[in-house]
Amino acid sequence: MAFFKLASHITTTKWSANTQQAIVAGIATLTNTEQTKAFFTYCLEWKIAPWVFSQLKRNGLSLPTETWNDFEAAYQKVKDQNEARNKTALGFLERFQAAGIEIAVLKGNYLAHTVYEEVGYKRMNDFDILIHKKDWDKIQDIYLELGYIPLGNGWSGEKEKPASYSHVGMTYISPDFTCIVGSQWGLKSPTTPYTIDIDKVWNDVHDFNFCGQAVKALSPEYNLLHLVLHLGVYKCGIRDCMDLYNLANNMPIDYEKYAAICREAKCESKSVFALSVSNFSTSQFTIQEKQSIKGFLKTRLEKRSAIHARTNDYQASYNDYFQDVEKQVIYFSLFPKLHKRFKYYIRILGLIYFPKAAFSLKLNDNSDRPTIWRKFVSWLKAPYYIFSLIAQEIGWKFTVLLFLKLFFDLIFSLKNYFIRTDSYFDYLRKKGINPKAIEAVVKNIQ
């Protein structure tokens with residue numbers, strides 16, 4: 001059995017008799033140490049090793065000792081990180097409750113305690129919560145009282161008030177660096193074409209006990225919507241999609257209600273794309289209206305289906321190029337002087353117009369066919385794909401405005417040679433924080 005199919009079966013929370021039989025048969029094909037190690041390497045690469053270990057152990061299956069120990073070590077590392085984050089998060093959750101602030105725990109930190117019943121099922125970058133926009137100032141005060149550090153944008157106070165063009169507040173990190181917390185008053189940026197009625201989201205929440213703390217959680221339908229909206233166009237593999245098919249496998253989703261929500265939110269194309277990609281692993285979803293997907297997402301789904309048919313693993317196109325560009329934009333904003341900004345500006349342009357062949361091939365779903373001609377065609381198409389990728393997150397209008405703003409910010413930074421302006425790292429030093437510790441945190445985000 002191919003690794004993709006074996007891993008997909010194992011990551012499904014509820015095993016049917018046929019699934020268990022297929023898993024046992026798949027493990028039996030790993031007939032030597034080299035093959036079992038290769039399977040571990042595959043699971044580690046796609047960040048599913050902790051959950052694969054947990055599932056095999058739960059179901060009384062195992063692998064040769066050396067490989068089994070590798071799986072267990074990967075699981076334990078993630079479990080320790082997640083438990084440390086949860087312990088830290090309880091500090092501000094308790095303060096929120098005392099202040100009468102209502103919040104809902106989102107995505108993996110919710111699913112770990114409900115769908116998976118396993119705190120170490122996967123590594124998570126941060127602790128995302130849904131808040132009411134009116135509470136942002138009070139929430140920010142609590143973070144600062146607890147010694148949390150603004151992470152990157154917003155450190156100088158320019159985003160202190162909720163911005164009309166954003167659905168998130170500035171990110172904060174705990175003083176011990178165990179918990180990055182993201183506070184959001186919407187499910188997706190208002191600059192995208194999607195229109196989510198946040199009042200309806202809040203009207204549909206239910207009570208949820210997070211490690212003994214009373215909080216809220218989204219309904220199954222809005223949880224599915226949130227996962228769909230945040231599934232990357234290219235950053236989508238088993239690790240990302242298993243949340244979709246396992247949510248559906250364990251929660252009573254009203255699909256007529258979900259379809260109505262998608263129509264109202266104008267996200268039918270994204271839903272068809274996400275659920276179709278998820279079905280490569282396990283056919284959990286029934287896709288009835290193929291015609292509801294169009295444009296960039298339709299092309300990407302067709303290309304992704306084609307590479308999956310050729311390679312039996314659509315993850316051959318996996319990349320996180322959006323985050324690569326995003327990090328350079330963040331670094332650009334942290335330095336006030338032109339000569340430092342110029343370096344990051346050139347890097348941003350290089351990432352967009354001169355990506356490495358390996359990335360441009362993935363963006364064009366042709367990593368398995370690296371001919372000279374396909375490399376050339378992929379390079380020509382890459383800028384369009386990259387701008388489209390950014391537009392998926394912030395909308396086309398703001399994508400254009402962002403790059404215009406970067407250029408003018410670069411030019412206007414000349415004034416900072418004559419007027420003293422602190423950088424983010426100056427701010428950290430004044431607070432007695434080692435900038436390298438923050439840099440390490442940012443670099444460690446996956």
Side-chain angles (χ1 to χ4, degrees), residues 1-27 29-30 38-56 58-59 61 71 107-108 111-112 115-116 118 121-123 220 223-224 226-251 253 255 258 270-287 290 293 297 300-320 362 365 367-368:
M1 179 183 292
F3 287 168
F4 173 83
K5 186 52 68 176
L6 177 57
S8 294
H9 282 322
I10 294 173
T11 55
T12 305
T13 48
K14 295 179 179 179
W15 294 357
S16 67
N18 288 339
T19 298
Q20 178 145 356
Q21 187 177 10
I23 291 169
V24 171
I27 291 175
T29 65
L30 308 176
F39 181 61
F40 168 73
T41 300
Y42 179 88
C43 293
L44 193 67
E45 177 185 1
W46 298 117
K47 305 180 184 74
I48 55 174
W51 181 233
V52 167
F53 168 80
S54 181
Q55 279 290 80
L56 292 177
R58 281 182 179 183
N59 289 277
L61 299 176
F71 269 106
K107 296 191 294 189
L111 299 176
V115 169
Y116 294 95
E118 171 55 77
Y121 89 97
K122 74 174 182 179
R123 179 184 166 183
N223 253 308
L224 182 58
H226 194 213
L227 293 173
V228 161
L229 290 176
H230 283 269
L231 185 73
V233 177
Y234 293 98
K235 189 184 178 183
C236 52
I238 297 173
R239 174 187 180 273
D240 312 282
C241 289
M242 70 183 186
D243 283 349
L244 294 168
Y245 55 75
N246 285 327
L247 174 72
N249 203 18
N250 288 267
M251 295 285 181
I253 296 174
Y255 285 100
Y258 171 72
K270 188 60 189 290
S271 179
V272 172
F273 174 85
L275 302 187
S276 297
V277 171
S278 174
N279 277 350
F280 290 143
S281 287
T282 175
S283 299
Q284 181 67 46
F285 300 102
T286 301
I287 312 296
K290 289 286 185 180
I293 186 170
L297 290 174
R300 297 277 52 84
L301 180 57
E302 290 171 350
K303 293 271 192 175
R304 200 63 43 81
S305 299
I307 197 170
H308 187 71
R310 296 195 304 268
T311 66
N312 294 314
D313 194 340
Y314 73 96
Q315 295 175 120
S317 291
Y318 185 102
N319 69 81
D320 197 7
K362 286 184 176 183
D365 291 287
S367 60
D368 61 317

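Keep in mind that this is a model prediction, so the values were computed, not measured.
- Under the 30°/60° scheme for interplanar angles, the aromatic rings of F39 and F71 are found to be tilted.
- Aromatic pair Y314/F4: ring centres closer than 6.0 Å.
- Atom NZ of K5 and atom CD1 of I238 lie 9.0 Å apart (nearest 0.5 Å).
- Between the OG1 atom of T19 and the NE2 atom of H9 there is a distance of 6.0 Å, given to the nearest 0.5 Å.
- Residues W46 and V52 fail the side-chain proximity criterion, which asks for heavy atoms closer than 4.5 Å.
- One distance of note links CZ of F3 with SG of C43; it measures 8.0 Å at 0.5 Å rounding.
- Judged by distance alone, the side chain of N319 and the main-chain N or O of S317 form a donor-acceptor pair under 3.5 Å.
- Each of N249, V277, V228 was evaluated against L244; a single residue qualifies, V228, per the side chain to side chain contact (heavy atoms under 4.5 Å, CB included) test.
- Between the side chain of K270 and the main chain of L297, no donor-acceptor pair closer than 3.5 Å is present.
- Proximity of a side-chain donor or acceptor of S367 to a complementary backbone N or O of A316 within less than 3.5 Å is detected.
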ask   = Would Q284 and L275 satisfy side chain to side chain contact (heavy atoms under 4.5 Å, CB included), going step by step from the backbone distance to the final call?
value = CA-CA 8 Å; Q284 181 67 46; L275 302 187; over 6 Å; no
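- Side-chain contact between D243 and K122 is present, with heavy atoms from C-beta onward closer than 4.5 Å.
- For the atom pair Q315 CD and R304 CZ, the distance stands at 10.5 Å (nearest 0.5 Å).
- The shortest non-hydrogen separation linking R310 to D365 is NH2-O, 3.1 Å.
- Side-chain contact check for Y245 versus T282: some heavy-atom pair is nearer than 4.5 Å.
- Interatomic distance, L301 CG to I293 CD1, rounded to the nearest 0.5 Å: 4.5 Å.
- Of the possible polar contacts, none joining the S54 side chain to the P50 backbone as a donor-acceptor pair under 3.5 Å is found.
- For N246 (side chain) and M242 (main-chain N/O), a donor-acceptor pair under 3.5 Å exists by modelled atom type.
- Checking R58, Q20, Q21 one by one against W15, the side chain to side chain contact (heavy atoms under 4.5 Å, CB included) holds for a single residue, Q20.
- A distance of 12.0 Å separates CD1 of I10 from OG of S281, quoted to the nearest 0.5 Å.
- What you find for L247 and P220 is that their closest heavy atoms are CD2-O, 3.9 Å.
- Side-chain contact between L227 and L111: present, with at least one pair of heavy atoms (C-beta onward) separated by less than 4.5 Å.
- Remark: the backbone N or O of F285 is paired with a side-chain donor or acceptor of N279 at under 3.5 angstrom.
- Checking S271 against Y258 by side-chain atom types alone, a donor-acceptor pair falls below 3.5 Å.
- Nearest heavy-atom pair across Y121 and G108 is OH-CA, 3.5 Å.
- Nearest approach of L61 to I27, heavy atoms of both residues: CD1-CD1, 4.1 Å.
- Judged by distance alone, the side chains of N250 and Y116 never bring a donor and an acceptor atom under 3.5 Å apart.
- When side chains are defined from C-beta on, T11 counts as touching W51, because their heavy atoms get closer than 4.5 Å.
- Two residues are said to be in side-chain contact when any heavy atoms from C-beta on lie closer than 4.5 Å; R123 and K47 fail this criterion.
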